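Lettering of chains follows the sequences in order, A, B, ..., and the numbering in each one begins at 1. Quick caveat: nothing in here was measured; it's all calculated off a predicted structure. These values consider heavy atoms only, across backbone and side chains, with no hydrogens, waters or symmetry-generated copies.
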Amino acid sequence: MKKLFLLICLGFSVTLLKAQSPKYNSAMKDQIGKLDGAFQAGNFPELANNFERIGNAEKSQWLPYYYAAYCQVMTALLEQDKSRVDPIADKADSLITKAETIAGANSETNVIRSMIASAHMMVDPQQRWMQYGQASAGYIEKAKSQDSTNPRPVYLEGQAKFFTPEQFGGGKAVAAPVLEKALAMFDGFKPASDLHPVWGKSSTQYFLSQCK
Amino acid sequence: MRAFLLLIAIVITGAIFGQTSISGRLVDNRGRAVRGASISIKDSYDGATSDSLGNYRFQTSEKGTQTLQVTSIGYQALERTINIEGQALHLDLHLREAPDELKAVIVTAGSFEAADSKRTTVLNSIDIVTTASANGDVTGAIRTLPGTQQIGEKEGLFVRGGSGEEARVFIDGTLVNNFFYSSVPDIAQRGRFSPFLFKGTIFSSGGYSALYGQALSGALILESIDMPDRSAANLGISSVGLSGGYQHLNAAKTFSWGGNYAYTNLVPYFELFKQRVDYFKVPDFHYADANFRLKTSKTGMLKFYGTVQTNRLGLKTPDIDSASLQNAFSLSNYNIYGNLSWREKLGNDWRLYIGSSFSTNKDLIENMLQDENGEKVTIPSMPYIIKSYNGDIRGSLAQVKSVLERKLGALSAIRAGGEYLYFRDDLRFNDTIAKNTIVDDHFKAAFAEADIYLSNNLAAKLGTRLEHSSLLNRANIVPRVSLAYKLGDKSQASFAYGIFYQKPERNQLIINNNLDYTKATHYILNFQRLQPTTTFRVEAFYKKYDDLVKLSPGINNNGNGYAKGVEFFWRDKKTFKGVDYWLSYSFLDTKRDYLNYPHSLQPNFAANHTASLVVKKFIQKWKTQVNGSYSFATGRPYYNIRYNGNESKYQLYDEGETISYNNLGVSLNYLPSIGKPNARIFTVWVLSVTNVLNQTQIYNYNYSYNGAIKQPVRPPANQFFFLGCFISFGTDRTEDIINSNL
């Protein structure tokens with residue numbers, strides 16, 4: 001009887017565990033599906049909260065926190081009121097730290113860290129370039145070295161060149177080949193699972209079109 | 001067993017079929033909607049984000065007793081236990097603002113801060129070095145802020161009707177005794193310290209903290225830089241001299257050391273640009289410094305900075321009392337300064353700061369009456385007898401200061417500490433007015449201060465300071481109070497009140513060391529609207545002077561005075577694309593009865609109206625920053641005050657007002673290396689010109705002994721041109737930069 005009880009319990013737990021996975025998968029897919037339209041819909045803050053809830057409930061998955069950080073840093077980069085940017089970027093930082101605590105720092109988390117540094121820099125570029133500009137570039141290099149097939153750091157590098165004035169070693173002519181390289185990498189990029197990050201291709205195409 | 005299965009079944013069925021609606025509205029403590037907040041059932045996927053009106057709504061399949069969590073950036077997290085039993089729940093919740101250093105109100109009455117913090121400040125440290133009229137002098141940029149006078153005949157900051165002696169400079173918390181080069185008659189001297197040594201500047205034109213004392217009018221509080229970014233060597237060549245230096249940073253970025261040397265010689269410059277003054281010894285300066293910075297722990301930092309400096313000059317001016325005589329003034333100065341400080345966090349809540357400094361200054365001065373042939377002339381009668389002197393003036397200061405701070409909550413703090421200053425002045429005049437005096441003062445102070453935040457919107461700073469001077473053998477205790485209230489998102493009002501004491505000057509104490517402290521009482525009301533791209537400030541003040549030193553009858557403390565005024569400051573980085581400008585205006589009404597004044601007079605260092613416009617624009621195409629500044633001041637009064645022997649008192653024989661002061665300054669900073677990735681060499685070219693319009697500047701008038709002749713006091717040359725090239729050779733540490741940031 002006791003054995004049977006244990007067996008049933010075990011059976012249930014396995015079922016429950018298994019049952020959770022589809023729920024997680026479908027919830028994540030649902031939210032990831034909304035990312036493409038977030039730029040137009042302006043709902044990055046809402047998506048950030050959605051991902052963070054999943055992360056808080058799951059506790060052992062890094063991707064929800066990763067996406068939450070991504071949505072927060074996008075919010076920071078799109079924020080018009082400069083005085084609000086730092087706290088939002090700090091929030092993104094705390095989320096990516098949670099992701100890294102679970103899965104360790106990797107190429108994708110360093111991409112987010114580079115974006116967070118850029119968000120801080122944009123508040124006052126003249127003053128903060130020395131600190132955050134170099135940090136942002138440093139994370140891009142780190143992300144490239146951790147995964148040479150990841151197109152996102154290359155895209156960010158191209159984007160940074162795009163926004164840097166020609167006199168400072170940037171400009172469209174310098175950005176174009178980097179963005180082209182990123183685009184080629186996007187075409188060949190295979191995410192580790194259908195929940196892993198794939199974003200960035202359409203933005204790369206957009207910036208490339210602006211270079212011409 | 002059956003019950004267990006049943007329970008599982010119920011839970012699962014409930015999870016599938018029961019959906020409960022939860023909705024409500026989130027507001028903050030002022031009743032304003034909180035948008036973008038995250039509302040969730042703890043440990044579930046269920047939740048929502050509040051909309052722009054603060055409303056939220058979501059469905060949950062959870063049942064029973066659950067925890068509702070609300071989080072939002074800038075607010076304290078909120079948890080509520082709720083019971084979900086199938087009926088829709090409506091929950092309106094109040095969020096409390098999180099204590100936030102960046103958003104919290106700051107006491108700003110009386111002070112301008114320049115720092116590179118995340119908090120928006122009125123100025124940043126680059127502003128100090130790129131102000132056109134500043135010429136690389138720390139106080140030059142400060143003179144474009146409200147509350148300061150445009151004084152060209154004497155060094156120092158003349159703040160709100162105060163004399164230059166009434167504003168003191170502090171580096172890393174400790175008093176600097178000879179911040180400016182030693183005085184030369186009628187020519188203002190520069191500060192000794194490069195603005196690149198400092199990362200933070202607080203200029204207080206009144207009502208400053210209890211941590212500082214012995215300044216009746218203002219305090220300039222400088223914070224030295226921490227660890228450099230990388231190892232680098234630098235070289236500079238300019239129209240006035242040469243400089244070079246090296247900074248080394250270890251790989252772990254825990255220790256750095258370095259040194260600099262600069263030699264300034266004005267011979268070539270004075271050959272090219274004629275001076276009104278006849279220099280028989282053209283000024284030259286040697287400057288050497290050494291520094292180290294050591295991280296004593298993750299949060300601790302030990303810093304040392306020391307300099308050895310020497311300079312010489314000699315100049316001749318026609319004697320005002322005689323057509324055939326000249327005054328030959330010469331000065332040799334030797335100065336040593338050292339500052340060692342340590343700060344550390346002790347646990348989460350305590351901070352300790354210990355600072356010490358030592359300085360010694362020696363001036364060999366001589367004034368000689370000479371005839372047309374440059375031969376020494378001695379005339380043993382007034383006024384000539386006092387024009388021949390020869391002095392060896394030495395002053396030393398050793399001090400320690402410590403401050404212990406305890407954080408209370410997120411924003412509030414109390415701090416207390418003490419300081420001990422040992423002054424020794426040794427004056428030897430070995431000519432006709434022979435004197436050899438040694439004056440020692442053991443000066444002690446204890447202070448305590450509390451920053452009390454009642455909320456993000458209301459703060460009070462309460463402080464007190466107790467001082468004792470062994471020389472005066474008197475103690476004083478003073479209150480310092482300031483309050484700040486946030487009126488809106490970006491606006492705040494503050495008020496400050498304080499009493500400030502200062503010892504009489506060294507030369508007055510030599511005559512009579514039974515003098516008492518001089519005293520000032522400040523009342524300041526300030527409104528500030530600080531946005532990322534614009535700043536507006538208005539400040540009104542009233543200052544009352546008591547116990548000022550008077551020279552007659554007998555040196556005494558019977559002087560008094562007042563100063564009141566209104567000041568405006570406007571900075572705008574938005575209206576003109578790429579252009580950053582600020583405008584300051586000060587109105588000052590002040591009178592004082594002190595020194596030899598026969599009665600209450602507007603002092604000759606106070607103009608009623610002063611205004612400055614500073615403009616900066618970076619032109620990307622040329623990689624050049626263009627800076628301009630215009631300063632204006634209405635004329636200042638001047639007096640001929642002489643001692644009337646018959647009535648045994650000082651008397652005003654003549655008075656007038658100088659012409660108004662105008663100065664347009666322009667500087668260009670050309671940065672050819674900017675933007676080059678991983679540049680090993682970084683070059684900056686600087687060109688600056690003062691008084692571009694070549695306007696006549698008259699600071700004051702000197703009178704002959706009998707009052708029959710008056711002569712304007714003018715700068716040694718109308719204009720000053722500076723051209724320099726500064727090169728920094730960074731050792732290529734790109735890898736280090738990448739790694740250190742990861």
Non-hydrogen atoms of chain B under 4.5 Å away: do they reach the side chain of [X], the backbone, both or neither?
X        : answer
A:Ile140 : neither
A:Asp81  : side chain
A:Arg84  : side chain
A:Gln72  : side chain

Problem set entry | NZ/NE/NH1/NH2 to OD/OE distance under 4.0 Å, B:Asp43 and A:Lys59 |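 Looking at A:Lys59 together with B:Asp43, the answer is yes, because their closest N to O distance falls below 4.0 Å.
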Measure the spacing between [atom1] of [X] and [atom2] of [Y] and express it to the nearest 0.5 Å.
X       : Y       : atom1 : atom2 : value
B:Lys42 : A:Asn56 : NZ    : CG    : 9.5 Å
B:Thr49 : A:Asn50 : OG1   : CG    : 5.5 Å
A:Lys91 : B:Ser38 : NZ    : OG    : 7.5 Å
B:Ile73 : A:Asp86 : CD1   : CG    : 11.5 Å
B:Ser40 : A:Asn49 : OG    : CG    : 8.5 Å

For this session: For A:Ser83 and B:Lys490, test the side chains for any donor-to-acceptor distance below 3.5 angstrom and give the result as yes or no.
Result: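 Side chains of A:Ser83 and B:Lys490: pair found under 3.5 Å.
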Exercise. At their closest point, which heavy atom of A:Arg53 faces which heavy atom of B:Tyr45, and how far apart are they?
Worked result: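 In this case the closest contact between A:Arg53 and B:Tyr45 is NE-O, 3.0 Å.
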For atom [atom1] of [X], decide whether the heavy atoms of other residues, nucleotides or ligands shown that lie under 6.0 angstrom number more than 12.
X        : atom1 : value
A:Trp199 : CH2   : yes
A:Lys181 : NZ    : no
B:Met227 : CE    : yes

Exercise. Tell me, side chain or backbone of B:Ile39 under 4.5 Å from chain A's heavy atoms, or both, or neither?
Worked result: backbone
Problem set entry | chain A contact via B:Asp46 - side chain, backbone, both or neither, heavy atoms under 4.5 Å |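 Looking at B:Asp46, just its backbone touches chain A.
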